[in-house]
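Note sheet for the following structure.
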There are 2 protein chains.
Amino acid sequence: MQRMTRQRSAVTDALDGLEDFRSAQQMHELLRERGEGVGLATVYRTLQSLADDGAVDVLRTADGESVYRKCARTGHHHHLVCRGCGRTAEIEGPGVEAWAAQVGAAHGFDAIEHTVELTGLCGECRTPER
Amino acid sequence: MQRMTRQRSAVTDALDGLEDFRSAQQMHELLRERGEGVGLATVYRTLQSLADDGAVDVLRTADGESVYRKCARTGHHHHLVCRGCGRTAEIEGPGVEAWAAQVGAAHGFDAIEHTVELTGLCGECRTPER
DNA sequence: TTATCTGCAAACATTTTGCAGCGAG
DNA sequence: CTCGCTGCAAAATGTTTGCAGATAA
């Protein structure tokens with residue numbers, strides 16, 4: 001069904017080494033830096049096929065980019081990203097999972113998935129020149 | 001600050017008459033059908049400025065379009081979107097806001113903003129042919 | 001061998017922007 | 001009268017696709 005090509009394993013390997021979401025373009029650049037040249041179109045095609053297989057999670061950012069992350073079925077968690085420096089902290093939402101399922105059920109929805117992303121300013125970025 | 005032009009009121013009037021999300025392009029076409037010609041760029045600019053003012057909610061569809069709806073509820077709230085038919089329900093997260101702020105503070109982050117989107121399958125989409 | 005994958009560049013879709021002219025205040 | 005707003009078309013952005021050649025099986 002799917003051939004195991006150099007490019008495809010390069011993409012999946014890169015994904016395995018990452019914990020958070022990356023855009024297709026970021027993946028493309030990352031692979032380029034590693035010396036594993038992969039065409040941008042191939043990155044898109046590969047990520048898309050992985051997403052179709054449910055091997056990665058896809059998410060759309062506020063500015064219209066698709067971001068991908070290896071599907072960590074176990075140990076779901078969320079991120080807290082600094083708007084200033086991009087630093088990220090991993091967090092776990094004890095109540096959020098339950099809240100999502102409950103709210104969904106209350107509206108007659110099933111198979112609930114949730115996206116929770118937090119952004120803020122970390123200690124170092126909180127007091128810039130202002 | 002903002003001038004009340006024919007185009008701007010055409011857009012806000014159209015929004016007032018709608019209950020659900022529409023894309024900028026749909027709004028553009030709707031206005032055209034009404035005979036109230038408004039340039040596509042103006043529709044984008046107007047919707048964007050309304051969004052900045054918090055007068056409309058913005059949401060990105062799975063295929064990358066931005067959709068807008070008049071902000072019914074005052075104050076911050078979230079959405080539950082059906083992956084099958086796109087139907088949306090407004091929800092409020094009593095605990096989520098507090099949880100976000102608290103988690104942020106625990107990591108030394110300030111000025112927390114959060115993105116929470118829930119997707120699921122609504123009652124009618126739950127049992128398709130698959 | 002051969003059907004699939006890849007790379008490139010051109011095509012696409014959505015959104016943004018530059019600029020001259022219009023018009024609200 | 002003055003700026004901000006508008007419309008148009010061109011540009012930018014992110015993603016998809018056609019096709020010839022490479023390649024896994």
Side-chain angles (χ1 to χ4, degrees), chain A residues 1-15 18 20-69 86 115 117, chain B residues 1-15 18 20-69 81 83 86 115 117:
Chain A
M1 177 211 138
Q2 288 284 12
R3 290 184 182 172
M4 180 46 60
T5 64
R6 177 183 66 79
Q7 292 86 336
R8 191 178 178 88
S9 53
V11 170
T12 55
D13 283 359
L15 279 171
L18 295 172
D20 53 343
F21 286 90
R22 295 295 159 90
S23 72
Q25 319 238 14
Q26 287 174 317
M27 290 296 303
H28 178 238
E29 175 147 356
L30 177 65
L31 292 170
R32 172 145 305 183
E33 286 169 1
R34 285 197 189 182
E36 315 218 50
V38 178
L40 178 57
T42 300
V43 173
Y44 274 107
R45 279 188 281 230
T46 304
L47 287 174
Q48 200 169 263
S49 98
L50 288 170
D52 288 345
D53 296 351
V56 299
D57 293 328
V58 195
L59 192 53
R60 309 230 30 145
T61 66
D63 54 306
E65 264 185 305
S66 291
V67 286
Y68 305 83
R69 182 190 59 177
T115 299
E117 293 293 330
Chain B
M1 180 210 131
Q2 288 284 14
R3 290 185 183 170
M4 181 45 60
T5 64
R6 175 183 65 78
Q7 291 85 339
R8 190 176 179 89
S9 54
V11 170
T12 54
D13 282 0
L15 279 170
L18 295 171
D20 53 342
F21 287 89
R22 295 296 159 90
S23 72
Q25 319 238 15
Q26 287 174 317
M27 289 296 304
H28 177 237
E29 176 148 353
L30 177 64
L31 292 171
R32 172 146 307 184
E33 285 168 2
R34 286 197 189 181
E36 316 218 51
V38 179
L40 178 57
T42 300
V43 173
Y44 275 107
R45 280 190 280 231
T46 303
L47 287 174
Q48 201 168 263
S49 99
L50 288 171
D52 288 344
D53 296 349
V56 301
D57 292 329
V58 194
L59 192 53
R60 313 242 7 156
T61 66
D63 53 307
E65 263 185 306
S66 292
V67 286
Y68 306 82
R69 185 191 57 179
V81 186
R83 282 195 298 275
T115 299
E117 291 295 331

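Please read these numbers as outputs of a predicted model, since none were measured by experiment. Below, chain A is the first sequence line, B the second, and so on; all start at residue 1. Below, each value reflects all heavy atoms present in this structure, side chains not excepted, and no hydrogens, waters or symmetry copies.
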To the nearest Å, give me how far apart CG (B/L40) and C1' (D/dG7) are.
11 Å
To the nearest 0.5 Å, tell me how far B/R32 CZ sits from B/R34 CZ.
14.5 Å
Criterion side chain to side chain contact (heavy atoms under 4.5 Å, CB included) on B/L30 and B/L18, from CA distance to verdict
CA-CA 11 Å; B/L30 177 64; B/L18 295 171; 4.0 Å; yes
On DNA chain C, compare the nucleotides closest to B/Y68 and A/A41; which residue's is nearer the 5' end?
A/A41
Nearest-0.5 Å distance that lies between atom CD in B/Q48 and atom CG in B/D53:
11.0 Å
Would one find a side-chain N or O of A/Q7 under 4.0 angstrom from OP1 or OP2 of C/dG7?
yes
For residues 42-52 of chain B, which residues have at least one heavy atom under 4.0 Å from DNA chain D?
B/T42, B/R45
Answer yes or no: does a side-chain N or O of A/Q2 lie under 4.0 Å from OP1 or OP2 of C/dT4?
no
If the cut-off is 4.0 Å, is B/T5 near the phosphate of D/dT6, judged by side-chain N/O to OP1 or OP2?
yes
Heavy-atom donor-acceptor pair, B/R3 side-chain to D/dG4 base, under 3.5 Å
yes
With a 4.5 Å cut-off on side-chain heavy atoms, are A/L50 and A/L15 touching?
yes
Quick check on the helix from C/dT1-D/dA25 to C/dG25-D/dC1: what's the angle between its two end axes, five base pairs per end, to the nearest 10°?
40°
Just to be sure I understand the geometry, which residues of residues 22-37 of chain B put a non-hydrogen atom under 4.0 Å away from DNA chain C?
B/Q25
Between B/S9 and B/R6 the two heavy atoms that sit nearest each other are OG-O, 3.1 Å
So, taking the atom named OG1 in B/T46 and the one named CE in B/M27, what distance separates them when rounded to the nearest 0.5 Å?
9.5 Å
Nearest atoms (heavy-atom pairs only) where B/Q26 meets B/F21
OE1-O, 4.4 Å
Go through C/dT14, C/dG7, D/dA25 for me and flag the one nearest to the A/V38 side chain.
C/dG7
Would you find a donor on one side and an acceptor on the other, under 3.5 Å apart, between the side chain of A/H28 and the backbone of A/V38?
yes
State, to 0.1 Å, how close A/Y44 and A/A24 come at their nearest heavy-atom pair, and which atoms those are.
CE2-CB, 3.5 Å
Which heavy atom in A/A14 sits nearest to a heavy atom in A/L31, and how many Å separate them?
CB-CD2, 4.0 Å
Measure the distance from CZ on A/R6 to C1' on C/dG7 and round it to the nearest whole Å.
11 Å
With side chain to side chain contact (heavy atoms under 4.5 Å, CB included) as the test, would you mind laying out the steps for B/V43 and B/Q25 before giving the verdict?
CA-CA 8 Å; B/V43 173; B/Q25 319 238 15; over 6 Å; no
